[in-house]
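Throughout, a chain's letter reflects where its sequence line sits, starting with A, and its residues are numbered from 1. A quick note: this is a predicted structure, and the numbers were derived from the prediction, not measured.
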Number of protein chains: 2
Amino acid sequence: MPTTDKASSRDRLLGAAARLTYRDGVGVGIEALCREAGVSKRSMYQLFDGKDAMLAASLEQRIPRYEALLAHPEAEHATPRERILHVFEQMTKAAADADYRGCPYLAVLVELKDPEHPASVVARGVKERLTETFRAEAERGGAQDPHLLARQLVLVFDGASARAGAQVEHLDDGLATTTVTALLDAAGME
Amino acid sequence: MPTTDKASSRDRLLGAAARLTYRDGVGVGIEALCREAGVSKRSMYQLFDGKDAMLAASLEQRIPRYEALLAHPEAEHATPRERILHVFEQMTKAAADADYRGCPYLAVLVELKDPEHPASVVARGVKERLTETFRAEAERGGAQDPHLLARQLVLVFDGASARAGAQVEHLDDGLATTTVTALLDAAGME
DNA sequence: CGATGGGGAAACCGATCGGTGTAATCACGT
DNA sequence: ACGTGATTACACCGATCGGTTTCCCCATCG
């Protein structure tokens with residue numbers, strides 16, 4: 001087994017793509033990606049169909065990490081409200097980092113401006129799954145209109161992450177959680 | 001006076017920059033911008049210091065139009081609540097257009113990822129002024145914490161515009177205004 | 001009329017884009 | 001030791017990037 005087999009080349013490419021794209025946007029060059037990953041351009045084109053496909057795969061691979069970060073660590077004993085608030089507490093913590101650039105999936109959707117792009121499809125999936133998670137919690141928590149509340153929460157999620165990532169807002173005073181609490185209360189969630 | 005004097009060349013460049021940047025992102029080429037504007041590249045470099053400066057100027061020029069669109073038409077007789085809601089009603093109407101890509105100022109902030117970029121500075125100014133407008137209305141309306149409410153409203157504004165622009169959400173059922181109403185009520189605004 | 005000067009078209013600059021072709025090199029199995 | 005297949009570095013492709021320069025036309029003015 002070589003020191004760098006096919007799987008690890010793939011992983012390093014996906015990691016580099018995630019890192020550089022998040023920092024510099026989807027406009028980063030293939031050359032830079034391969035340099036960062038330590039993989040030749042030739043190999044990258046054998047592993048992926050092209051830049052678009054690699055970007056999509058990169059976003060896809062990060063999904064478990066991303067969703068695990070937002071999931072409540074003690075899911076069993078936590079109430080729906082606690083689980084929803086946990087999502088925004090995690091975002092608030094992440095936004096304190098100077099390198100925070102907001103939700104990478106929203107950023108890709110905004111930057112690509114093309115809903116048909118493979119990466120946009122992946123990103124939209126993440127957003128839809130987050131909405132569904134919120135909806136399920138809202139329902140468990142007895143909200144009057146769980147789907148509406150879920151969509152409201154995602155509105156706040158994306159607004160807060162975009163603004164914090166663009167450095168136009170700082171969430172460290174609990175802006176996001178405060179806003180969410182108001183919405184949860186208004187929706188009649190226990 | 002020639003059919004195309006210096007001022008009209010400037011205007012057509014700014015218009016083309018606003019249009020193409022909004023549709024395709026800040027990555028559009030100078031060549032395409034000049035072609036769309038019907039102005040030679042040489043003239044554009046005499047009118048502006050470069051692409052960054054023209055982009056910033058383009059965003060700057062659109063500000064009056066943008067803010068007029070969000071301002072309540074009968075500002076005198078409208079209540080603070082009506083004026084705030086009007087902003088979100090206008091966004092909802094704009095989002096119904098298939099060509100809607102969200103707030104251009106937020107998009108630029110997200111795409112550039114550089115708060116120091118001249119265009120980012122302009123965009124941030126727009127966002128800060130919107131926040132201040134909300135804050136003033138919130139204060140007039142007797143909100144408990146006008147500044148907090150204003151920041152919450154901009155969260156919803158940017159979240160809704162980004163999501164509608166990226167085609168992940170549609171606002172035509174009043175999602176934005178419903179959310180805002182809940183926040184206004186929670187803040188104790190009359 | 002001829003001189004002058006500003007602006008347009010287009011060539012040009014080096015750099016980079018996404019993507020490919022090639023030849024040498026590498027680790028490996030036999 | 002040899003063959004093999006994967007990976008590498010690197011040249012190359014046409015296109016485009018932001019930006020500059022050249023040339024030429026045409027409008028203005030004396």
Answer yes or no: side-chain N or O of B/Lys41 and base N or O of D/dG19 forming a donor-acceptor pair under 3.5 Å.
-> yes

Along DNA chain C (nearest heavy atom to each residue), the more 5'-positioned of A/Ala32 and B/Val39 | B/Val39

NZ/NE/NH1/NH2 to OD/OE distance under 4.0 Å, B/Arg135 and B/Asp145 = no

Nearest-Å distance, CG (B/Asp52) to C1' (D/dG18)?
-> 10 Å

Rounded to the nearest angstrom, tell me the gap between atom CE in B/Met44 and atom C1' in C/dA10.
-> 17 Å

Candidates C/dG19, D/dG18, D/dT7 - which lies nearest the side chain of A/Ile30 = C/dG19

Rounded to the nearest Å, what distance is computed from the CZ atom of residue A/Arg10 to the C1' atom of nucleotide D/dT7?
-> 17 Å

What heavy-atom pair brings A/Pro115 and A/Arg124 nearest, and what distance separates the two atoms?
-> O-NH1, 3.1 Å

Separation of atom CZ in A/Arg35 from atom P in D/dA9, rounded to whole Å | 12 Å

Separation of D/dC17 P from B/Leu55 CG (nearest whole Å) | 15 Å

Between D/dT8, D/dT22, D/dG19, which one does the side chain of B/Arg42 approach most closely?
-> D/dT22

Rounded to the nearest 0.5 Å, what separation is found between the CD atom of B/Gln61 and the CG atom of B/Leu14?
-> 4.5 Å

Side chains of residues 21-32 of chain A: which donor-acceptor pairs under 3.5 Å do they make with residues two or more places apart or in other chains?
residue	atom	partner	partner atom	Å
A/Thr21	OG1	A/Ala17	O	2.8
A/Tyr22	OH	A/Arg101	N	2.6
A/Tyr22	OH	A/Gly102	N	3.1
A/Tyr22	OH	A/Gly102	O	2.8

Please check the phosphate of C/dG7 (OP1 and OP2 only) for any side-chain N or O of B/Gln46 closer than 4.0 Å.
-> yes

Earlier contact from the 5' end, DNA chain D, for A/Ser43 and A/Glu31 = A/Ser43

Rounded to whole angstroms, how far apart are CG on A/Leu20 and P on C/dC17?
-> 11 Å

Just by modelled atom types, is the B/Thr79 backbone N or O under 3.5 Å from a matching donor or acceptor in the B/Glu82 side chain?
-> yes

Whole-Å distance between D/dA6 C1' and A/Tyr45 OH?
-> 19 Å

Rounded to whole Å, CG of B/Leu47 lies from C1' of D/dG18 at a distance of 17 Å

Shortest side-chain distance from A/Ser40, nucleotide among D/dT8, C/dT20, D/dG18 | D/dT8

